[in-house]
Amino acid sequence: MANQRREKIMDLLREDGSAKVANLAKLFKVTEVTIRQDLEKLENDGLIVREHGGAFLKNVEDQVRNFSLTHQDNMDKKGLIAERCLEFIESGDTVILDSGSTTTEIAKRLKGMKNLTVITNALNIAVMLGAEPGIEVIVTGGEFKPPTLSLTGQKAADFFKGLNVQKLFLATAGISLKAGLTYPSISDIVVKKAMIEAADITYLVADSSKIGKSALASLGALSLIDYIITDEDIDSKKKKVFEEHEIELIIAHKKK
């Protein structure tokens, strides 16, 4: 249990950048003493830096300075998923791009497109597409999360009230039939819900390593989304289960 809790604490810090002992104790329903012991262990492992009343992720300043994201694993699969997403984006669309490494890969491939409006809570995506003459970029407000270079919280969620956009490309940390769509950070839940409500069609973009996993906070059932776009390494049993529940999978195949 301690190892699982520390893993989830690290997931949260990789998402938010920092956390308070009191908040972590409430979140994990343990004492503050237990959380301090967890943080001490993580600091000894060289992963975090403790401060009075909390802790922050090591090297987070360098990441922000270099405008680099923390989640850089499975980039080949994320690239394939991004390529597949382009089939569903066309001139004249207004799309929401969620923050994340897979959605960043989508943004890279939108360069050169014409007559496109992109709404995003990701500052790296806004900077990447902001100078593109054929793309109008609209950025939400909200609280800044350094490791994900994103904006979050109620103000970010409020931005989407009254909007009606064609397509949303949504990121996630874990997908399962039982837990649904899950995320390491509670502050993101209100933003993701608001994005889904504003979009006609929601494409969940997630590499196969996230399927069957669950993070700390649940957004809700998979019925909230219309399609899952993933790579061909998805387990055949999981693929069958999704299909039995009438969840439409779009597979990004490797180029032959």
Side-chain angles (χ1 to χ4, degrees), residues 1 3-5 7-8 11-12 14-15 71-90 93 95-106 109 121 148 157 160 164-186 188-256:
M1 290 295 289
N3 285 338
Q4 287 179 352
R5 187 175 59 250
E7 203 173 292
K8 283 193 169 14
D11 285 343
L12 191 146
R14 288 189 190 104
E15 196 75 18
H71 304 291
Q72 296 292 340
D73 48 342
N74 298 316
M75 291 310 294
D76 53 338
K77 293 176 181 177
K78 291 173 182 179
L80 289 170
I81 291 166
E83 289 286 347
R84 192 74 205 268
C85 289
L86 293 187
E87 296 175 26
F88 307 100
I89 301 173
E90 54 195 7
D93 277 348
V95 302
I96 301 170
L97 285 186
D98 191 10
S99 60
S101 50
T102 305
T103 48
T104 297
E105 290 301 304
I106 298 171
R109 289 159 175 81
N121 64 327
T148 56
F160 292 98
N164 183 30
V165 303
Q166 283 100 352
K167 296 153 189 175
L168 159 64
F169 293 87
L170 182 72
T172 188
I175 313 165
S176 72
L177 284 170
K178 187 178 178 182
L181 308 176
T182 63
Y183 298 87
S185 176
I186 289 173
D188 280 344
I189 298 297
V190 288
V191 183
K192 314 293 185 188
K193 281 184 176 174
M195 286 177 172
I196 291 169
E197 286 170 10
D200 293 335
I201 303 170
T202 297
Y203 299 92
L204 185 73
V205 293
D207 67 80
S208 54
S209 71
K210 293 179 180 177
I211 296 173
K213 287 186 176 178
S214 61
L216 184 67
S218 176
L219 171 64
L222 293 179
S223 56
L224 288 167
I225 60 170
D226 298 294
Y227 303 96
I228 298 174
I229 305 181
T230 190
D231 58 84
E232 62 186 358
D233 289 340
I234 179 174
D235 182 281
S236 57
K237 288 182 181 176
K238 289 171 185 169
K239 189 176 178 181
K240 190 178 179 183
V241 169
F242 282 126
E243 287 168 351
E244 285 172 353
H245 283 77
E246 297 182 347
I247 295 162
E248 191 154 349
L249 289 170
I250 298 168
I251 307 296
H253 294 284
K254 292 172 187 169
K255 291 176 182 175
K256 293 179 181 177

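Values in this document were obtained by computation on a predicted structure and should not be read as measured data.
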Quiz prompt | Contacts of E87 that satisfy side chain to side chain donor-acceptor pair (under 3.5 Å) - sequence neighbours left out | solution = R84

Practice problem: Tell me, please, which residues at least two apart from D235 pass side-chain contact (heavy atoms from CB on, under 4.5 Å). | Solution: K237, K238

Practice problem: Please list, chain by chain and in numerical order, all residues satisfying side-chain contact (heavy atoms from CB on, under 4.5 Å) with S218, sequence neighbours excluded. | Solution: T182

Practice problem: Of all the heavy-atom pairs spanning I106 and C85, show the shortest one and how long it is. | Solution: CD1-SG, 3.7 Å

Quiz item: With sequence neighbours excluded, what pairs up with D233 under the side chain to side chain donor-acceptor pair (under 3.5 Å) test?
Solution: K77

Self-check item: Residue list, side chain to side chain donor-acceptor pair (under 3.5 Å) with D76, at least two apart or on another chain
Solution: none

Quiz item: Which pair of non-hydrogen atoms, one from P184 and one from D11, has the smallest distance, and what is that distance?
Solution: CB-O, 3.6 Å

Quiz item: Is the CD atom of E7 crowded by more than 12 outside heavy atoms at less than 6.0 Å?
Solution: no

Exercise. Any ring pair (Phe, Tyr, Trp, His ring centres under 6.0 Å) involving residues 207-238? Give me the pairs, sequence neighbours left out, ordered by first then second residue.
Key: Y203-Y227

Quiz item: Taking only residues at least two apart or on different chains, which pairs with a member in residues 188-199 satisfy salt bridge (charged side-chain N to carboxylate O under 4.0 Å, His left out)?
Solution: D98-K192, K145-D188

Self-check item: K167: salt bridge (Lys or Arg N to Asp or Glu O under 4.0 Å) partners, not counting sequence neighbours
Solution: D93

Quiz item: Sequence neighbours excluded, which residues qualify as side chain to side chain donor-acceptor pair (under 3.5 Å) partners of T230?
Solution: none

Quiz item: Does I196 have any side-chain contact (heavy atoms from CB on, under 4.5 Å) partners at least two apart in sequence or in another chain, and if so, which?
Solution: L168, L170, T202, L219, L224

Exercise. Identify, with sequence neighbours excluded, every residue that meets side-chain contact (heavy atoms from CB on, under 4.5 Å) alongside E83.
Key: L86, R109, K255

